[in-house]
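Hydrogens, waters and symmetry mates play no part in the numbers below; they use all other heavy atoms, side chains included.
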Amino acid sequence: MTQTPVIVADAIGKSFGDFAALTDVSLSVHQSERVVVCGPSGSGKSTLIRCFNGLENHDAGTLTVDGVALSQDAPEIRQLRQDVGMVFQQFNLFPHLTVLENLMIGPLKVRKLDRAAAEATARKYLERVRIPEQADKRPAQLSGGQQQRVAIARALCMEPRVMLFDEPTSALDPEMIGEVLDVMVELAQTGMTMVVVTHEMGFARKVADRMVFMEAGRIVEISPPDTFFTAPQTDRARVFLDQILEH
Amino acid sequence: MPSFLKHLRWADWLILTVLVGAAAYVGMRLEGTLNYEWRWHLIPDYILRYREDRQEWFANLLLQGLFATLRICIYAGILAAIFGTILGVARCARNLTVRMLARTYLELLRNIPPVVIIFIFFFFLSQQLIDALNMNAWARGIARSDSAGVWEFFFGDMRRFPSLISGVLVLGLFQAAFVGEIVRAGIQSIPRGQREAARAIGMSGFQEMRYIIMPQALSKVVPPMANQFISLIKDSSIISLISVQELTYKTVELVASTRMIFEAWITTAAFYFVLCFGLSLLFRRLENRD
């Protein structure tokens with residue numbers, strides 16, 4: 001396949017005051033590709049994917065998403081965010097709305113669907129994440145794993161072309177990680193383009209097309225998972241893998 | 001013996017004795033030096049009076065004043081809630097000018113004594129507005145018309161309507177500053193993740209406020225808002241200074257004409273206390289219920 005990549009980051013940088021969170025990062029993500037980003041905490045993984053939907057502004061280099069150069073120009077970035085779904089570590093569900101309303105509010109208010117269509121979309125994706133029976137509950141009544149699946153469904157309701165996951169299982173109790181990863185694996189099988197920041201190496205091995213290893217705001221290594229897990233090309237990736245695979 | 005008496009220790013008895021002693025001393029001074037003649041029996045007539053000639057009860061000075069205070073507080077409360085919410089949102093706006101304007105309003109009101117603010121609002125704002133709208137003539141017209149009864153239920157004596165509007169405006173604008181601070185605190189208490197989630201599904205700044213932030217913020221600020229409403233009732237007494245005929249103003253009138261200084265003021269104090277304390281208990285109960 002020789003399509004134009006969905007996301008093209010060309011030498012982007014981002015600083016918070018004196019701290020360089022990203023330095024000279026270049027990465028392309030193609031249609032239907034699954035990229036897993038890993039690295040020690042503070043290495044800029046989250047900042048990188050938050051740049052991909054404009055939650056952070058990169059301050060150097062160029063970033064093109066879906067063929068459009070990313071700027072902070074309001075109408076354009078709103079259009080872009082509809083095509084790029086985001087799942088957060090802390091779920092960030094809307095606590096004052098029911099599960100169904102959480103899923104419907106985007107389609108209703110942003111995509112301007114009518115009520116029936118928005119509800120149909122919401123129920124479809126709630127089915128997809130396997131919790132249709134929780135539709136009328138409030139987020140606070142659900143377990144962490146269920147909440148995160150609702151958050152995934154909420155992002156999917158916008159019918160995005162790319163899904164970004166920012167450490168989706170890091171805030172979960174261990175017994176709930178599996179159910180969220182299962183949903184993500186299924187999503188990968190449907191051909192969704194995904195960029196996932198995670199420490200779940202089992203998941204990475206299973207679905208990743210490419211592994212991206214970051215450290216101190218730079219991309220240190222990009223390789224296919226087979227190579228990455230068995231024979232990492234850089235020492236730093238090897239040290240990192242030793243540390244997290246030990247357990 | 002009631003149970004609470006058993007819990008009193010010698011220190012409690014000492015404090016109570018000193019207090020009773022002090023009260024007795026003040027009472028004796030009043031009796032002895034002022035030679036004050038208590039006329040409590042006259043007070044009920046100034047609240048509710050039976051008119052022999054028309055065979056009906058009517059609200060006299062103090063009750064009229066209480067009704068006026070209630071009306072003014074309800075309208076001023078609504079005005080303060082609306083304007084205060086706008087101020088609170090403006091305080092969190094991305095636009096610097098908007099933010100600074102809201103901040104300036106708050107700091108002016110916070111750092112000038114209420115009485116001075118009341119006079120400034122009255123002379124510079126409500127008087128001008130009332131003249132510009134020719135409200136005096138309009139209200140007199142209503143007072144003479146057939147539908148005067150309905151209007152009077154909502155606004156009291158229509159000939160005093162412009163003064164009521166002044167009171168509501170002045171009090172509402174004054175309280176709005178504090179309501180604004182409450183709303184701002186409510187908005188800022190919503191975690192950042194909520195804004196990010198709203199933005200991540202493509203919401204505009206307005207939609208984010210309208211559908212995500214405000215519904216959560218407003219439900220959080222209900223308890224402090226209820227307390228602010230009680231403050232508003234207490235503060236409403238200062239608009240007697242601009243001749244709005246509410247409870248305090250009526251009490252001044254009553255004292256001037258009857259010289260029942262202590263009886264009248266104690267009665268008025270009791271009215272305010274029962275009203276404010278009652279509301280405070282009510283709000284607390286409502287709060288605990290959910």
Side-chain angles (χ1 to χ4, degrees), chain A residues 46 49-50 52-56 72 74-97 101-112 118 121-122 138-140 147-148 150-160 162-166 171, chain B residues 81-82 84-86 88-99 179-180 182-226 283 286-290:
Chain A
S46 290
I49 72 163
R50 287 163 61 87
F52 289 169
N53 74 343
L55 282 182
E56 305 283 359
Q72 279 299 305
E76 268 176 37
I77 194 128
R78 288 212 300 275
Q79 184 55 50
L80 176 128
R81 281 171 179 156
Q82 296 180 41
D83 292 338
V84 182
M86 176 102 171
V87 175
F88 299 88
Q89 182 177 351
Q90 300 293 341
F91 329 137
N92 295 345
L93 293 177
F94 305 131
H96 61 300
L97 302 177
E101 288 166 339
N102 262 278
L103 301 200
M104 285 170 63
I105 194 148
L108 272 179
K109 305 300 176 191
V110 181
R111 290 175 64 200
K112 313 278 185 203
T121 311
R138 295 279 166 137
Q147 289 190 45
Q148 191 61 299
V150 172
I152 293 172
R154 177 177 67 184
L156 290 175
C157 280
M158 301 304 290
E159 314 275 6
V162 188
M163 285 283 285
L164 307 175
F165 294 84
D166 187 2
Chain B
I82 296 170
T85 305
I86 296 171
V89 172
R91 286 272 275 149
C92 305
R94 235 168 286 175
N95 183 308
L96 181 68
T97 312
V98 172
R99 223 162 50 222
V179 171
I182 294 172
V183 171
R184 179 187 64 84
I187 291 174
Q188 289 178 346
S189 74
I190 306 303
R192 216 174 61 140
Q194 291 290 311
R195 288 170 172 271
E196 292 185 345
R199 263 180 272 163
I201 55 173
M203 284 195 176
S204 65
F206 176 78
Q207 289 175 324
E208 173 190 317
M209 257 304 169
R210 164 78 181 72
Y211 299 113
I212 307 302
I213 305 299
M214 285 315 269
Q216 295 185 60
L218 290 184
S219 71
K220 276 193 180 182
V221 301
V222 167
M225 286 280 228
F283 292 151
L286 291 178
E287 212 179 306
N288 290 341
R289 209 174 47 180
D290 6 90

Open item on the list: I need the contact set between residues 186-196 of chain B and chain A: heavy-atom distance under 4.5 Å, sorted by residue number.
Closed with: B/R192, B/G193, B/Q194, B/E196
Task: Contacting moiety of A/L93, where chain B heavy atoms sit under 4.5 Å - done: backbone
Task: Region of A/V87 that comes under 4.5 Å of a non-hydrogen atom in chain B - done: neither
Open item on the list: Distance check, rounded to the nearest 0.5 Å: B/I201 atom CD1 versus A/N102 atom CG?
Closed with: 8.5 Å
Task: Taking every non-hydrogen atom, the tightest pair across B/A197 and A/F88 - done: CA-CE1, 3.7 Å
Open item on the list: Using the side-chain contact (heavy atoms from CB on, under 4.5 Å) definition, which of the options A/L108, A/V110, A/I105 pairs with B/Y211?
Closed with: A/I105
Open item on the list: Let me confirm one number: the OG-NZ distance from B/S204 to A/K109, rounded to the nearest 0.5 Å.
Closed with: 11.5 Å
Task: A/R50 portion near chain B, given a 4.5 angstrom heavy-atom threshold - done: side chain
Open item on the list: If you compare all heavy atoms of A/H96 against all heavy atoms of B/P215, which two are closest, and at what distance to 0.1 Å?
Closed with: CD2-CB, 3.5 Å
TODO: Grab the two heavy atoms, one from A/P95 and one from B/Q216, that are nearest each other, plus how far apart they are.
DONE: CG-OE1, 3.2 Å
- [ ] Would you name the heavy atoms of B/A200 and A/M86 that are closest together and state the gap between them?
- [x] CB-CB, 4.0 Å
Open item on the list: Need one label for B/S219: side chain, backbone, both or neither, based on atoms under 4.5 Å from any heavy atom in chain A.
Closed with: neither
